[in-house]
Amino acid sequence: MIYTRIYHASDLQLKNVREDIRNTILSGKNIVFPTETVYGVGASALNLSGIANIYKIKGRPSDNPLIMHIADVKDLDLYTKNHQTYVKKLIKAFWPGPLTLVLEKKDQVPKVITGGLESVGIRFPSSHIAQEIIRIASVPIVAPSANISGKPSATLFEHVYEDFNQKVDIIIDGGKTEVGLESTVLDVTKEVPIILRPGMITKAMIEKVVGEVIISTDILQQDIPKAPGMKYKHYAPKAILEIVSGKEKKVIDYINIQINSLENMKVGVIATNDIIGLFDTPYVFPIGKSTNEEEIAANLFAALRKMDSLNVDYIYSISFEDKKFSEAIMNRLLKAADNNITYL
Ligand code: TXA
Ligand code: MG
């Protein structure tokens with residue numbers, strides 16, 4: 001068991017805290033910290049025991065590669081090579097920010113990071129806390145989302161405390177993460193970039209900068225995974241989750257009929273603020289205004305984790321299709337539901 005030190009963002013100014021962070025990372029131990037997307041559990045990209053320990057404490061399969069986080073664009077050339085010409089444009093448009101670029105790796109990048117692949121995912125986060133941690137350590141930091149493998153990603157301090165207290169040396173409490181869904185993962189090793197994981201940097205946004213963009217078919221068909229991470233059980237709440245899609249009134253009626261027929265069960269509902277009061281159960285999570293998709297995205301993982309803490313037996317969620325960010329939101333929600341969706 002490890003004694004976990006918890007620091008706040010403002011503590012990063014303190015000399016002894018900075019030293020503790022630096023020593024912890026450089027000696028191959030682990031730190032949980034916020035980024036603008038979700039919390040990450042990090043280690044020095046150059047320390048094999050720190051990296052191995054991430055896989056162990058997350059319970060993560062070893063062929064699922066990690067993203068390397070940098071705080072200076074210059075580091076990109078230190079670790080990757082043979083860039084397509086459009087890569088510069090993407091960096092100019094979206095870095096720092098929630099876009100991970102998968103590039104050909106140089107030999108310096110240990111294969112334990114890449115799950116044996118010749119490519120590596122690199123991200124320059126916009127979060128000032130994340131940037132500061134990388135600068136304090138003065139090495140790139142590999143960090144998968146800070147959740148036990150299979151659970152929803154963590155967007156609140158409470159989530160990471162639950163999953164990693166006494167398992168890592170340091171947790172940085174940065175409050176609620178702003179974006180709430182993990183970065184868009186974009187394979188830029190080919191002439192046409194391929195979205196391996198949709199995120200809040202959407203296909204349309206990327207197309208505006210580089211022209212043609214492909215969405216990996218693996219995202220659409222669940223069976224043949226390309227981003228190694230996409231093949232595993234993901235974001236799963238403890239209870240069965242069913243997404244209900246259709247006209248609003250029909251969806252509300254359907255869910256209420258189910259709630260009333262599941263008499264002795266605790267049934268949870270995830271829906272937008274404007275309709276959340278219409279369900280016949282006290283176990284509800286208002287996910288945001290129906291007109292505010294950023295808010296819905298930011299609250300999705302918290303909604304799933306809230307349902308876990310309420311110990312419900314069954315969860316209904318309304319569907320979030322036909323929206324600007326539905327690519328990313330529905331990708332996570334469908335995975336959380338194991339594709340259990342009812343169309344009315
Ligand atoms: O927003 C984020 O990306 C967060 C924060 C902490 O930065 N990190 C994150 O990491 O979501 P993780 O490990 O939970 O998800 C990384 C995804 C996985 O699906 C992985 O398979 C994919 O990126 N990935 C990483 N390197 C790759 C590579 N070389 N080729 C293909 N996919 C890769
Ligand atoms: Mg993850």
Side-chain angles (χ1 to χ4, degrees), residues 30-43 45 51 54-55 57-71 79-80 94-106 109-127 129-131 133-134 140-155 159-160 163-164 172 174 177-190 193-201 216 218-219 225-236 297-298 301 328 331-332 335-336:
N30 300 108
I31 177 170
V32 168
F33 62 98
T35 79
E36 73 277 22
T37 57
V38 298
Y39 277 81
V41 51
I51 301 167
I54 289 180
Y55 284 95
I57 54 183
K58 267 191 66 112
R60 181 178 176 107
S62 63
D63 63 346
N64 191 0
L66 305 177
I67 295 171
M68 226 166 117
H69 297 71
I70 58 174
Y79 299 102
T80 63
F94 300 116
W95 274 12
L99 175 69
T100 296
L101 297 176
V102 172
L103 293 146
E104 251 183 76
K105 80 173 196 69
K106 282 190 175 169
V109 178
K111 279 211 171 162
V112 281
I113 292 179
T114 70
L117 298 174
E118 288 302 333
S119 61
V120 61
I122 310 260
R123 183 161 110 75
F124 182 172
S126 61
S127 153
I129 302 176
Q131 288 182 7
I133 302 284
I134 300 165
I141 293 186
V142 287
S145 52
N147 51 278
I148 301 299
S149 251
K151 280 178 76 168
S153 299
T155 53
H159 301 161
V160 289
D163 284 8
F164 292 105
I172 309 284
T177 60
E178 192 190 324
V179 177
L181 297 182
E182 309 90 335
S183 61
T184 306
V185 178
L186 190 68
D187 181 342
V188 293
T189 59
K190 312 270 159 49
I194 308 167
I195 295 177
L196 301 179
R197 178 175 70 185
M200 299 300 273
I201 307 276
S216 167
D218 320 326
I219 293 169
K226 174 81 194 293
M230 302 314 268
K231 71 183 166 193
Y232 301 106
K233 190 175 154 75
H234 252 96
Y235 316 121
F301 290 135
N331 169 265
R332 307 307 192 278
K335 278 174 182 295

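One-based numbering, in listed order, for ligands and for the atoms of each.
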Which of the atoms of ligand 1 are close to [X], meaning less than 4.0 Å from one of its heavy atoms?
X	value
L196	31 (C), 32 (N)
T37	1 (O), 2 (C), 4 (C), 5 (C)
V185	23 (O)

Distance-only N or O hit between ligand 1 and S183, under 3.5 Å: yes
E182-ligand 1 polar pair, N/O distance under 3.5 Å: no
Ion pair check, R123 and E36, cut-off under 4.0 Å: yes
Side chain to side chain donor-acceptor pair (under 3.5 Å) evaluation trace for S183 with T37: CA-CA 6 Å; S183 61; T37 57; 5.8 Å; no
Pair T189-E118, side chain to side chain contact (heavy atoms under 4.5 Å, CB included): steps then yes or no: CA-CA 11 Å; T189 59; E118 288 302 333; over 6 Å; no
Proximity winner for [atom], if only heavy atoms of [options] are counted:
atom	options	answer
atom 30 (N) of ligand 1	L117, I122, L181	L117
atom 12 (P) of ligand 1	A143, S145, S119	S145
atom 33 (C) of ligand 1	G42, P65, G121	P65
atom 11 (O) of ligand 1	R197, E104, R123	R197

Indicate yes or no for a side-chain donor-acceptor contact from [X] to the backbone of [Y] under 3.5 Å, with no hydrogens or angles considered.
X	Y	result
K111	L117	no
R332	E182	yes
Y55	N64	yes

Ligand 1 contact on N64 by region, counting heavy-atom pairs under 4.0 Å: side chain
Per-residue contact class, R60 against ligand 1 - non-hydrogen pairs under 4.0 Å: side chain
Side chain to side chain contact (heavy atoms under 4.5 Å, CB included) evaluation trace for L101 with F94: CA-CA 11 Å; L101 297 176; F94 300 116; over 6 Å; no
Under 2.8 Å: N/O/S of S145 next to the Mg ion (ligand 2): yes
Nearest heavy-atom neighbours spanning I172 and I129: CG2-CG2, 4.0 Å
4.0 Å heavy-atom contact, P98 with ligand 1: no
E178 atom CD, neighbour heavy-atom count above 12 within 6.0 Å: no
